[in-house]
Amino acid sequence: MIDRCGRNIDYLRISLTDRCNLRCIYCMPEEGIRQIPRTELLDTDEIVRICKVASELGISRIKLTGGEPLVRRICTPLVKELKAIPGICQVTLTTNGILLGEQLPGLMEAGLDAVNISLDTLEETTFRKITRRDDFHQVLKGLRAALSYPSLKVKLNCVPTFQSDEELLQVAALARENPLHVRFIEMMPIGLGKEFTARGEEQIKAVLEKEYGLMTPTEEKLGNGPCHYYEVPGFKGKIGFISAMTHKFCNQCNRVRMTAEGYLKACLQYQTGISLKELMRSGCTDQELTE
Ligand code: SAM
Ligand code: SF4
């Protein structure tokens with residue numbers, strides 16, 4: 001799928017649910033969100049059907065996300081089915097890590113290729129302020145579990161908000177001590193994120209370089225997305241930045257997204273798209289779905 005801008009769309013991000021067991025202040029209101037009735041969510045068969053069609057169109061990598069994908073029980077069996085689709089070479093997960101420790105053995109058996117764990121701070125009190133929950137140690141457990149599988153690629157996502165420079169240094173140091181990449185994601189002004197000021201890449205890079213030395217950009221391709229990475233002296237992993245605001249990357253975009261209700265969107269910033277659920281539930285053929 002080469003689009004009008006010459007971009008090769010080979011990556012599909014699927015949200016399994018809007019629900020979450022955390023309430024990050026930049027993402028979820030304190031009271032949570034409206035519950036989508038289970039029957040309105042795509043089920044495993046529907047997701048697999050879409051992915052089969054998508055793989056024939058050129059999608060080769062799939063990311064499961066949310067909300068929190070691991071609160072949906074279908075996650076592990078789904079990974080297994082997606083991995084069995086010819087043409088799908090990678091299935092990965094983005095999670096807050098809370099349920100990762102208990103589900104990882106099954107996910108690994110199902111063939112999970114990589115996991116991104118979101119953790120904004122290593123200070124328990126700040127974690128509570130950001131997520132409005134007390135699950136800090138559970139997330140650490142999930143992170144340790146992920147690192148115990150040498151074949152699993154692990155990345156850590158951190159959205160800088162009001163963490164101190166010291167906290168950001170601590171998060172970055174996880175890539176010094178462990179074979180994982182730490183990525184700083186610039187706050188995007190979408191949803192509740194609008195209420196926060198993004199701490200830009202240059203500012204954070206300066207903080208890190210002051211402590212850890214000169215960071216050297218690397219051309220090595222380390223993932224499917226818009227993250228660019230730096231090598232840091234003495235670090236096992238790399239430090240990455242996803243800077244939607246200060247370093248626009250629309251020209252490199254390679255993805256389409258699907259909501260938990262089966263609404264296919266070409267871009268995060270627009271509401272326009274098409275309901276694949278309605279199509280499928282009104283009895284469309286695979287040819288119609290492909291179109
Ligand atoms: N619940 C999972 C998690 O937190 O990893 C998966 C979904 S979450 C929406 C995916 C990533 O988006 C997380 O790393 C989160 O920190 C980030 N995120 C959420 N709201 C954001 C915003 N307004 N700007 C930038 N990143 C955001
Ligand atoms: Fe949940 Fe992830 Fe949003 Fe935090 S960022 S509230 S963990 S969906």
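Every number for a ligand or one of its atoms is a count from 1 in the order of the listing.
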Colleague: Do Gln170 and Glu123 pass the side chain to side chain donor-acceptor pair (under 3.5 Å) test, and can you show the C-alpha distance, the side-chain angles, and the key distance before you say yes or no?
Modeller: CA-CA 9 Å; Gln170 284 172 359; Glu123 292 295 333; 3.3 Å; yes
Colleague: Mark whether atom 20 (N) of ligand 1 lies under 4.0 angstrom from at least one protein heavy atom.
Modeller: yes
Colleague: Does any N or O atom in Tyr26 lie less than 3.5 angstrom from one in ligand 1, N or O only?
Modeller: yes
Colleague: Among Lys210, Gln203, Arg199, find the residue that satisfies the side chain to side chain donor-acceptor pair (under 3.5 Å) test when tested with Asp165.
Modeller: Arg199
Colleague: What protein N/O/S atoms lie closer than 2.8 Å to atom 3 (Fe) of ligand 2?
Modeller: Cys27 SG
Colleague: Determine whether the side chain, the backbone, both or neither of Thr65 has a heavy atom under 4.0 Å from any heavy atom of ligand 1.
Modeller: side chain
Colleague: Determine, using ring centers only, whether Tyr230 and Phe241 are less than 6.0 Å apart.
Modeller: yes
Colleague: Considering only heavy atoms of Asn157, which atoms of ligand 1 have at least one such atom less than 4.0 Å away?
Modeller: 14 (O)
Colleague: Can you tell me how far the CG atom of Asn157 sits from the OG1 atom of Thr94, to the nearest 0.5 Å?
Modeller: 6.0 Å
Colleague: Show the atoms of ligand 1 that are less than 4.0 angstrom away from any heavy atom in Gly193.
Modeller: 23 (N)
Colleague: Considering the heavy atoms of Val159, write down every atom of ligand 1 situated less than 4.0 Å from one of them.
Modeller: 16 (O), 26 (N)
Colleague: Do Arg281 and Glu46 meet the salt-bridge criterion of a basic N to acidic O distance under 4.0 Å?
Modeller: yes
Colleague: Would a 4.0 Å cut-off, counted as strictly less than, catch a protein heavy atom around atom 12 (O) of ligand 1?
Modeller: no
Colleague: With heavy atoms of Glu68 as the reference, note each atom of ligand 1 found under 4.0 Å away.
Modeller: 1 (N), 2 (C)
Colleague: Quick one: which ligand 1 atoms are inside 4.0 Å of a heavy atom on Ser118?
Modeller: 3 (C), 4 (O), 5 (O), 13 (C), 14 (O)
Colleague: Among protein heavy atoms, which lies nearest atom 1 (N) of ligand 1, and at what distance?
Modeller: Gly67 O, 3.0 Å
